[in-house]
Amino acid sequence: MSETSERRYQAGEIESRWQELWEREQTWHVENHAPAGARQPKSYVVEMLPYPSGEPHIGHLKNYAIGDAIAHFQRRTGHRVLHPMGFDSFGLPAENNAIKTGVHPRVATEASIASFQRAFRSWGISIDWSREIASHTPEYYRWTQWIFLQLHRRGLAYRKEAAVKWCPNDQTVLANEQVVDGRCERCGYEVELRQLEQWFLRITDYAERLLDDLDTIEWPEHVKLMQRNWIGRSVGAEVNFRCQELGIDYPVFTTRPDTLFGATFFVMAPEHPDVLRLAAGTEREAEVHAYVNHALTESLEDRGDAEKTKTGVFLGRTVTNPVTGEEIPMYVADYVLMEYGTGAIMAVPAHDERDFAFARQFGLPVRHVVAPLDGSTPPADAAYVTKGDDAVLINSGEFDGLTPKQGFERIVAWLDRQGIGHASVNFRLRDWLISRQRYWGCPIPIVYCERCGVVEVPEDELPVRLPEIEDYQPQGRSPLAAAEDWVQVRCPECGADARRETDTMDTFVDSSWYFLRYCDPQNTHAAWDPKVLSQWMGVDIYIGGVEHAILHLLYARFFVKVFADLGLLEVQEPFRRLFTQGMILGPDGQKMSKSRGNVIPPSPLVERFGADTVRTYILNMGPPEQDAAWNEGALGGAHRLLSRIWTLADELCSAEAIAPTDAAAQPSEPQGEALTLVRKANWAIDRVTTELSGRFGFHNAIAAITELVNDLYRYPQAERGARTFAVTTAASLLFPFAPHLGAELFQRLTGRRVWEEPWPAADPEMLSAETFELVCQVNGKVRDRVQAPSDAERELLEQLALDAPGVRQHLDGHELVKVVVVPGKLVNIVVR
RNA sequence: GCCGCGGUGGUGGAACGGUAGACACGGCGGACUCAAAAUCCGCUGCCCGCAAGGGCGUGGGGGUUCGAAUCCCCCCCGCGGUACCA
């Protein structure tokens, strides 16, 4: 038959056949509850859900190839695996697209979801599709709204007027986390401050726990560190400074109460509510007004520049330094931030760089209260900043001679006794601003009534559906405000005419709880059944990009803690283990972008080489947590590997006389090349298992399979049983990376379904040989290698090394000092 | 500025303190072919040497050790986070 010469690996046919079977049989479906009596441990594997826009890109494929490999490995190592998928389908791009093209965001989004679904199926990702969620559907956002009500009821969602960050391009407010370098994270426009009344979530109530519980989760250290820095816990004290003239106490927060004696002036933020009042009636009034107005209108970027010259204005008032009794001048200056601490500071120019710069500018006194231990004088041209035990307090009355560390404690205690201060902890984290003046998001289920005020929409009236509107153009208020029919409602409490809240929620609210809904996605009575959640939470491995290190991951942690407090959930942390994958860069090593023209769309590759090849290549690119540039040649290498395995299996299967034995069974007592192959197969099992259960070194796992395959080509004459075992093992090990081919070859070789097979266990007997290559070193340099028995004693190894020819020529004329023997490895002979 | 991570062949990378460079890409050579592609096989860190062999090698400098890519100190470079947070 001509077919024999034409036979080769054809991915397309194989892949669609297995995809159909998995779909028909719903192979990857799991029930909410484990069957009675089942003792399998659970494993909950989640990849960050995609935002559906256009077609999926290659980064998605990497994300899901990683998650899928882990899910398959977990299943075959005896776990009940929950591996769902969903869509983060509210958001600005769809809305901006609607403004441009007139296509309704729902239409565009749902078309995109369909294309993502097609792609995921063509990639063969093992998803339980019965659990799919999409955050824009009323079935989902009904419960997002319900969650909002639970938070509102407990005071965790509240309205306040504040200077909030406003993106003039997207025409909406933003959370602090969405402002990067004073610019809108999404569109890059410079952000403005606006005084607006908005909805906030009280994440600051959880600052301490969000910080502490980082110690309980297995996340990359740098991600934990980013969260720690973002939360920014500072230990210090609050101290009252009294303005005698007006009889008002102004508290400040300081991390350096030990330097209190050095506070020679006092500064308030321009936004501080008392600034104008303090200046009123003084000769500085006009100047202060002008300064405050300027500061409030200045761009965030200019104002936030730490390098610029310090500016400010004397308020014409003084406060009393509570420890020295001195009257010190009050200033307003834009280097003090209203959002942190109390909006006012005590300035200690001698020991704080910023205060020092300000003092220089305004000719204010600099008084050292901390000096080096050796009695030397600190430099006069800079602030002397140290707070450890390497210095000593001076000019500080009864506290002189203490180290700053001791002084901190003693001065705080003293302030406390005097009733003018107390120990205090401050966080950098701010409450989460969730209002958005945009259409394509989850409506906030609140009604405003003239008589009753802010009224919750009753739970049984949820969801508050997003109305259909004509005009998406943002005009400084939510487009929803134009839907007059929708806005006008009866007050749920008194029945009078009332108006709906027209802002929608930040889409990060939607994605802060989806992994909970996955566990119980069809529940129509509740967001979830806590009993079902207790089966699955927390997520055992969460996979996604580092770009979410702060935003999404912090918000999701916050939500889970709130739900735990409400008794809706048993865990304190959503994601036990986090894996952050690196980006796939373009062939030029640059980030892929349309403008650079270096985008590699996955579909044509999948069509040409098959999903298995692309998946294997992506996982073989290097450590998965690292960025890596696309390399077309190496993609071909992955395809070659798969073809080589296919050919090996095909030859075995199409040969006459198929042995009646189980292809997956290790032959007994193999000899010669057969033994080498059996050993290599066991070595590969061991290696792949280690890589998949520990650090996700997929590239090392694939390298081990490659070595096994290379050996199969090297020893074509090896006894058939050993070859069959080795090829079957290769197919089995390959399955998590190239599931279609793994399933296909395993089926042809054994007649069985590989995903129903337990993960192979390495035979310890086969992991070590009778002899090994003994490395013989002289003074740490390798001079020879000889075969030695694996169980040889130290004395024998030493003798073998001393006798090795390569060693002997380096011993001549030298005095033997000592011999180091590492059994099973090497001998190092030290000579002089 | 501060905090963190990382510098290994032409490239991606591998290496419990114990053979540096597995595996792959690329390159070179060979087999097959009329030829090419595909496939298969071999070689491939750098320097000296016909060879046998030797020397040098993990950003640079020092240290610990019988032995360092790996541990410690100093420096250089790159990447990431953050940036008036009192």
Side-chain angles (χ1 to χ4, degrees), chain A residues 8 180-182 220-230 232-234 236-237 252-257 259 263 267 269 303-308 310 333-348 351-355 357-358 426-430 546-547 549-550 589 616-617 620-623 626-638 640-641 643-644 647 687 697 699-710 713-714 716 773-785 806 809 817-822 824-831:
Chain A
R8 59 193 179 93
V180 178
D181 293 332
E221 275 309 316
H222 70 279
V223 176
K224 290 198 206 180
L225 194 76
M226 282 163 74
Q227 292 217 350
R228 282 193 190 104
N229 291 340
W230 191 263
R233 183 177 193 265
S234 296
V252 301
F253 173 74
T254 177
T255 55
R256 297 298 305 278
T259 64
V267 191
R303 206 186 139 176
D305 182 5
E307 302 301 309
K308 74 171 183 184
K310 294 275 181 287
D334 67 359
Y335 83 94
V336 174
L337 309 175
M338 191 60 219
E339 314 93 86
Y340 188 76
T342 62
I345 62 156
M346 66 178 214
V348 184
H351 307 294
D352 181 281
E353 286 172 28
R354 299 151 299 178
D355 297 344
F358 191 85
N426 235 291
F427 293 92
R428 206 190 81 118
L429 183 70
R430 313 284 151 73
V546 246
E547 63 273 20
I550 296 170
T616 303
Y617 164 62
N620 201 29
M621 285 175 91
Q626 274 178 34
D627 293 351
W630 188 259
N631 179 341
E632 189 80 19
L635 175 73
R640 198 166 308 129
L641 170 67
S643 298
R644 277 159 70 87
T647 304
R687 188 85 203 275
H699 60 308
N700 292 330
I702 292 165
I705 298 171
T706 309
E707 284 197 50
L708 174 58
V709 171
N710 288 347
Y713 275 81
R714 190 167 300 140
E773 190 174 71
L774 178 70
V775 173
C776 308
Q777 297 180 331
V778 178
N779 287 348
K781 287 193 199 310
V782 181
R783 296 302 181 185
D784 211 339
R785 300 146 208 259
Q809 49 176 299
V817 178
K818 79 173 193 178
V819 179
V820 181
V821 180
V822 183
K825 276 256 160 47
L826 60 73
V827 173
N828 187 15
I829 298 157
V830 186
V831 296

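Here is the naming used below: chain letters follow the sequence lines, and residue numbers restart at 1 for every chain.
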Inset, instruction - Sequence neighbours left out, what passes ring-ring contact (aromatic ring centres under 6.0 Å, His included) with A:Trp630? Give chain and number order. - result: A:Tyr617

If [N] has a Watson-Crick or G-U wobble mate with both distances under 3.5 Å, name it; if not, just say none.
N: B:G6; answer: B:C77
N: B:A38; answer: none
N: B:C50; answer: none
N: B:G26; answer: B:U44
N: B:U82; answer: B:G1

Among [options], which is the nearest nucleotide to the side chain of [X]?
X: A:Pro623; options: B:A14, B:A86, B:G81; answer: B:A14
X: A:Trp230; options: B:U82, B:C40, B:G67; answer: B:U82
X: A:Val830; options: B:C40, B:C66, B:C84; answer: B:C66
X: A:Arg687; options: B:A15, B:A86, B:C25; answer: B:A15
X: A:Lys818; options: B:A24, B:C56, B:C66; answer: B:C66
X: A:Tyr340; options: B:G54, B:C25, B:A86; answer: B:A86
X: A:His222; options: B:G18, B:G4, B:A24; answer: B:G4

Sticking with atom [atom1], work out how far [N] lies from [M], rounded to a whole angstrom.
N: B:G27; M: B:A68; atom1: C1'; value: 32 Å
N: B:A14; M: B:U58; atom1: C1'; value: 12 Å
N: B:C74; M: B:G80; atom1: C1'; value: 24 Å
N: B:G13; M: B:G4; atom1: P; value: 24 Å
N: B:C23; M: B:G45; atom1: P; value: 12 Å
N: B:C43; M: B:C25; atom1: P; value: 15 Å
N: B:G42; M: B:C32; atom1: C1'; value: 15 Å
N: B:U65; M: B:G55; atom1: C1'; value: 24 Å

Heavy-atom check, side chain of [X] versus side chain of [Y], under 4.5 Å:
X: A:Thr706; Y: A:Asn620; answer: no
X: A:Ile345; Y: A:Asp355; answer: yes
X: A:Asn779; Y: A:Val830; answer: yes
X: A:Tyr713; Y: A:Thr647; answer: yes
X: A:Val546; Y: A:His222; answer: yes

Look at all strands and tell whether [X] reaches a base, only sugar-phosphate, or nothing, counting heavy atoms closer than 4.0 Å.
X: A:Glu773; answer: base
X: A:Val336; answer: base
X: A:Gly341; answer: nothing
X: A:Arg714; answer: nothing
X: A:Val782; answer: sugar-phosphate
X: A:Asp355; answer: nothing
X: A:Phe427; answer: nothing
X: A:Val822; answer: base
X: A:Gly232; answer: nothing
X: A:Ser643; answer: nothing
X: A:Arg783; answer: sugar-phosphate
X: A:Gln777; answer: base

Atom-pair distance ([atom1] on [X]; [atom2] on [N]), nearest Å:
X: A:Glu632; N: B:G12; atom1: CD; atom2: P; result: 18 Å
X: A:Arg640; N: B:A38; atom1: CZ; atom2: P; result: 8 Å
X: A:Leu641; N: B:C23; atom1: CG; atom2: P; result: 13 Å
X: A:Gln809; N: B:A52; atom1: CD; atom2: C1'; result: 10 Å
X: A:Leu429; N: B:G81; atom1: CG; atom2: C1'; result: 16 Å
X: A:Leu826; N: B:A68; atom1: CG; atom2: P; result: 12 Å
X: A:Asn631; N: B:C25; atom1: CG; atom2: C1'; result: 5 Å
X: A:Tyr617; N: B:U11; atom1: OH; atom2: C1'; result: 11 Å

Legend entry - Considering all heavy atoms, the nearest A:Gly806-A:Asp784 contact: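 Here A:Gly806 and A:Asp784 meet closest at N-OD2, 2.8 Å.
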
Legend entry - Within residues 699-708 of chain A: residues closer than 4.0 Å to RNA chain B (heavy atoms):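 A:His699, A:Asn700, A:Ala703, A:Thr706, A:Glu707, in order of number.
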
Legend entry - CA sep, side-chain torsions, deciding dist, call: A:Gln777, A:Val820, side chain to side chain contact (heavy atoms under 4.5 Å, CB included): CA-CA 9 Å; A:Gln777 297 180 331; A:Val820 181; over 6 Å; no

Inset, instruction - List in chain and number order the residues that pass side-chain contact (heavy atoms from CB on, under 4.5 Å) with A:Arg640, two or more places apart in sequence or in another chain; answer none if no residue qualifies. - result: A:Arg644

Inset, instruction - Determine: side-chain N/O of A:Arg428 to OP1/OP2 of B:C84, distance under 4.0 Å, yes or no. - result: no

Inset, instruction - Would you check if the side chain of A:Asn426 reaches a backbone N or O of A:Ser234 as a donor-acceptor pair within less than 3.5 Å? - result: no

Legend entry - A:Leu225 vs A:Leu635, nearer the 5' end of RNA chain B by closest nucleotide: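 It is A:Leu225, whose closest nucleotide lies nearer the 5' terminus.
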
Inset, instruction - Using heavy atoms to find the nearest nucleotide of RNA chain B for A:Val820 and A:Tyr713 separately, return the residue whose nucleotide is more 5′. - result: A:Tyr713

Inset, instruction - Kindly label the base of B:G78 as syn or anti, based on whether its glycosidic torsion lies within 90° of 0. - result: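 Here the answer is anti: the torsion falls beyond 90° from 0.
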
Legend entry - Stepwise salt bridge (charged side-chain N to carboxylate O under 4.0 Å, His left out) check, A:Lys308 with A:Asp334: CA-CA 11 Å; A:Lys308 74 171 183 184; A:Asp334 67 359; 3.0 Å; yes

Inset, instruction - Check whether NZ of the Lys or CZ of the Arg A:Lys310 lies under 6.0 Å from the centre of the six-membered ring of A:Tyr335 and within 45 degrees of that ring's axis. - result: yes

